[in-house]
Amino acid sequence: MANLTDEIRVRIGPSPTGDPHVGTAYVSLFNYAFAKQKNGKFILRIEDTDQKRSSLDSERAILSSLKWLGLQWDEGPDVGGPHGPYRQSERLDIYKKYVDQLVESGHAYWCTCSAERLAEVRKRQLALKQPTGYDGHCRELSQTEGVVRLKTPKEGKIIFNDLLRGDIVIESSEVDDQVLFKSDGFPTYHLANVVDDHLMKITHVIRGEEWISSTPKHILLYQFFGWQPPQFAHLPLLRNFDKSKVSKRKNPVSLEYFKEAGYLPEVLLNFLGLMAFSFADGREIFSLADFVQNFKLDRVSLGGPVFDLQKLLWLNGRYLREFRDNAQFTKYLQDQLFASDYLSQIVTLVKERVEKSEDFIAYADFFFKGDVTVAPENYEIKGIADKKKLAEIYEALIEKLESLRPFDVERIDTALRAFCLDHDLKSRDLFMPVRLMVTGKKASPPLFETMAVLGKERCRTRMRAALQVIKTQLHV
RNA sequence: GGCCCCUUCGUCUAGAGGUUAGGACGGCAGCCUCUCACGUUGCAGACGCGGGUUCAAUUCCCGCAGGGGUCACCA
């Protein structure tokens with residue numbers, strides 16, 4: 001238990017495997033406020049233990065988005081600190097040392113089961129309606145290759161306290177012999193997390209509710225290492241309108257979207273502060289400093305809040321009207337819509353079509369609009385009669401485009417052409433509807449260049465909107 | 001399905017053992033106004049169900065239902 005003189009230290013551990021997520025901002029905000037209020041430290045640790053999916057580019061984007069929001073960390077991969085390195089991929093030797101210790105003390109073991117065997121075991125368990133999990137095949141073997149698994153005690157209860165929910169009790173037998181150390185020499189989240197939280201002297205782990213069920217594994221690890229666990233607080237998850245965990249299929253979730261769509265960073269923060277939290281005095285409009293001052297863990301509500309864009313929009317409007325004078329608003333427009341590098345990229349594309357200045361508006365309007373829409377039949381692809389199939393194709397296409405980073409002409413070109421090949425489509429049959437989706441027009445500058453200039457977020461928003469139109473048609 | 005978490009207006013939430021259950025977004029209506037927007041005023045709108053405990057439960061307890069999360073060599 002952290003004693004009163006100890007410095008409060010909290011952390012966030014984003015995984016650099018995609019676009020910066022609004023959920024990261026939400027959890028960051030609460031961590032930041034909790035620490036700052038008590039003069040503690042807010043630490044950023046990059047959890048890039050998934051070699052296949054992690055990228056430096058994604059890491060950069062996450063850091064830059066959090067900075068945009070003004071959630072500056074005290075220790076992190078870019079600013080350093082006394083307990084570095086702050087990138088897990090640079091701490092491999094540390095984890096190795098601790099896994100070895102665990103194996104030696106008999107609390108973990110090497111496992112050489114193949115993926116096929118594991119799948120088979122799982123299949124059998126499912127068929128017998130048994131709980132799924134590792135069957136302990138290698139538990140008593142002594143080998144030194146493969147993966148290392150946690151040797152979960154067969155008996156007893158694991159109890160931990162959640163600051164928001166009280167004691168949570170789970171039977172030890174319910175806990176799986178989780179892989180701690182992968183065959184590629186990288187740790188899994190569970191191991192890296194516990195080791196790092198301990199070494200970085202983290203006092204409070206404030207994270208999403210999705211982690212509750214793996215906390216017992218972490219508690220076990222603290223016990224096996226003989227370490228004092230931190231305090232835990234699991235925040236309710238942000239939800240889609242249908243109450244499922246907020247996801248990009250059903251909501252814009254990239255922080256880059258909010259930035260590009262013209263939301264003010266302080267508005268997004270304000271709005272996130274309204275999720276699962278409320279000021280004692282009922283105030284709904286507040287600055288980050290206000291939030292830091294007034295945040296209290298025991299005022300966090302536990303029902304998963306639906307991330308409602310409508311209220312966010314209203315809030316952004318209020319900030320613009322009330323907190324920006326004309327000069328500031330002008331500046332906002334210049335930065336947001338008419339930034340000179342954005343403008344010059346557009347000029348490059350439309351200049352040859354223009355005869356006088358006004359023409360620019362007619363040719364380039366879609367670069368400045370929010371949504372663009374056309375009649376649904378324009379989204380049809382020659383040879384695809386089935387609307388359901390059509391929707392599937394676009395869904396797949398959008399997901400493919402979303403994964404591009406950076407979102408540049410070459411990558412778009414390659415992705416789009418490969419997509420045509422994969423789905424047996426002629427490029428001219430696909431490109432026109434896509435053009436209509438992203439520009440709202442049949443005539444536009446070259447598609448790939450246009451998309452690159454529009455940016456990933458505008459493209460995905462418009463394509464999702466179009467997809468929604470197709471799906472709506474399906475249901476009537 | 002097993003385990004775990006959660007449950008106040010459509011949405012974000014306040015609330016206390018006894019309140020006309022409060023506010024905000026959205027909706028609707030009036031006012032303002034050349035229009036729209038803003039602003040403003042008002043209206044509709046919630047304690048999931050069943051048992052307890054209690055003089056009294058929406059509030060405390062238990063069950064149920066519903067929702068969610070998790071069951072990877074992803075985090």
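Source: prediction; values computed, not measured. Chain naming here is simple, since letters A, B, ... match the order of the sequence lines and numbering starts at 1 in each.
- Residue contacts for Ser301(A): at a heavy-atom cut-off of 4.0 Å it reaches the sugar-phosphate backbone alone, with no base atom in range.
- At the heavy-atom level, Arg299(A) lies under 4.0 Å from the strands shown only through sugar-phosphate atoms.
- Residue Val179(A) is classed as a sugar-phosphate contact, given heavy-atom separations below 4.0 Å to backbone atoms only.
- When the C1' atom is compared between rG18(B) and rU54(B), the two are found 12 Å apart, to the nearest whole Å.
- A donor-acceptor pair under 3.5 Å is formed between the side chain of Ser105(A) and the backbone N or O of Leu102(A).
- Looking at heavy-atom distances under 4.0 Å, Gly303(A) makes contact with sugar-phosphate atoms alone, never a base.
- Nearest-nucleotide assignment on RNA chain B puts the 5′-proximal partner with Pro131(A), out of Gly282(A) and Pro131(A).
- No contact: Ala115(A) has no heavy atom under 4.0 Å from any strand.
- Distance check on atom P: rG23(B) versus rU59(B) gives 22 Å, rounded to whole Å.
- Judged as a ring pair (Phe, Tyr, Trp, His ring centres under 6.0 Å), and not counting sequence neighbours, Trp110(A) has no contacts.
- Scanning RNA chain B 5' to 3' for nucleotides with an atom closer than 4.0 angstrom to a non-hydrogen atom of chain A gives a first and last hit of rG2(B) to rA75(B).
- Here, rA75(B) and rG39(B) have their P atoms 47 Å apart, quoted to the whole Å.
- Among the heavy atoms of the strands, none lies under 4.0 Å from Arg283(A).
- The residue Leu237(A) sits close only to the backbone: its heavy atoms come under 4.0 Å of sugar-phosphate atoms, none of a base.
- For the C1' atoms, the distance from rC49(B) to rA14(B) is 24 Å, rounded to whole Å.
- Comparing rA21(B) with rU58(B), their C1' atoms sit 8 Å apart, to the nearest whole Å.
- Counting non-hydrogen atoms under 4.0 angstrom, Glu284(A) reaches a base of the nucleic acid.
- Residue-level contact check: Thr49(A) touches the backbone only, with heavy atoms under 4.0 Å from sugar-phosphate atoms and none from bases.
- Contacts of Arg165(A) with the nucleic acid, taken as non-hydrogen atoms under 4.0 Å apart, involve only primed sugar atoms and P, OP1 or OP2.
- Base pairing analysis places rC60(B) opposite rG52(B); the two distances defining the Watson-Crick or G-U wobble pair are each below 3.5 Å.
- rA29(B) is paired with rU41(B) under the criterion used here, namely a Watson-Crick or G-U wobble arrangement in which both key atom distances are under 3.5 Å.
- At a threshold of 4.0 angstrom between heavy atoms, the contacts of Asp50(A) are confined to the sugar-phosphate backbone, with no base atom among them.
- A cation-pi arrangement, defined by a distance under 6.0 Å to the six-membered ring centre and an angle within 45 degrees of its axis, is present between Lys38(A) and Phe34(A).
- Taking atom P on both rG2(B) and rU13(B), the two are 29 Å apart, rounded to the nearest angstrom.
- Put simply, the residue from Lys67(A), Arg87(A), Arg60(A) that forms a side-chain hydrogen bond (donor to acceptor under 3.5 Å, both in side chains) with Asp78(A) is Lys67(A).
- Contact check on Glu402(A) versus Arg464(A) returns a salt bridge, with a Lys/Arg side-chain nitrogen under 4.0 Å from an Asp/Glu carboxylate oxygen.
- When both pairing distances are held under 3.5 Å, rC36(B) makes no Watson-Crick or G-U pair with any nucleotide shown.
- Looking at Arg405(A) and Glu457(A), no side-chain N of the basic residue comes within less than 4.0 Å of a carboxylate O on the acidic one, giving no salt bridge.
- Among the atoms of the strands shown, none is found under 4.0 Å from any heavy atom of Arg207(A).
- Note on Lys151(A) versus Glu140(A): salt bridge recorded, some NZ/NE/NH1/NH2 to OD/OE distance being below 4.0 Å.
- In this structure rU19(B) sits in no base pair that meets the Watson-Crick or G-U test at under 3.5 Å.
- Atom C1' of rG67(B) sits at a distance of 31 Å from the matching atom of rC43(B), rounded to the whole Å.
- RNA chain B is contacted by both Val169(A) and Asp48(A); Val169(A) maps to the nucleotide lying nearer its 5′ end (nearest heavy atom per residue).
- Between the P atoms of rC6(B) and rC61(B), the separation comes to 11 Å (whole Å).
- In this structure, rG1(B) forms a base pair with rC71(B), meeting either the Watson-Crick or the G-U wobble geometry with both donor-acceptor distances under 3.5 Å.
- A donor atom on one side chain and an acceptor atom on the other are not found under 3.5 Å apart for Tyr86(A) and Asp196(A).
- A 3.5 Å limit on both hydrogen-bonding distances identifies rU11(B) as the Watson-Crick or G-U partner of rA24(B).
- Cation-pi check for Arg149(A) over Tyr134(A) is met; the charged atom lies under 6.0 angstrom from the ring centroid and within 45 degrees of its normal.
- Remark: rG66(B) base-pairs with rC6(B). Criterion, Watson-Crick or G-U wobble with two distances under 3.5 Å.
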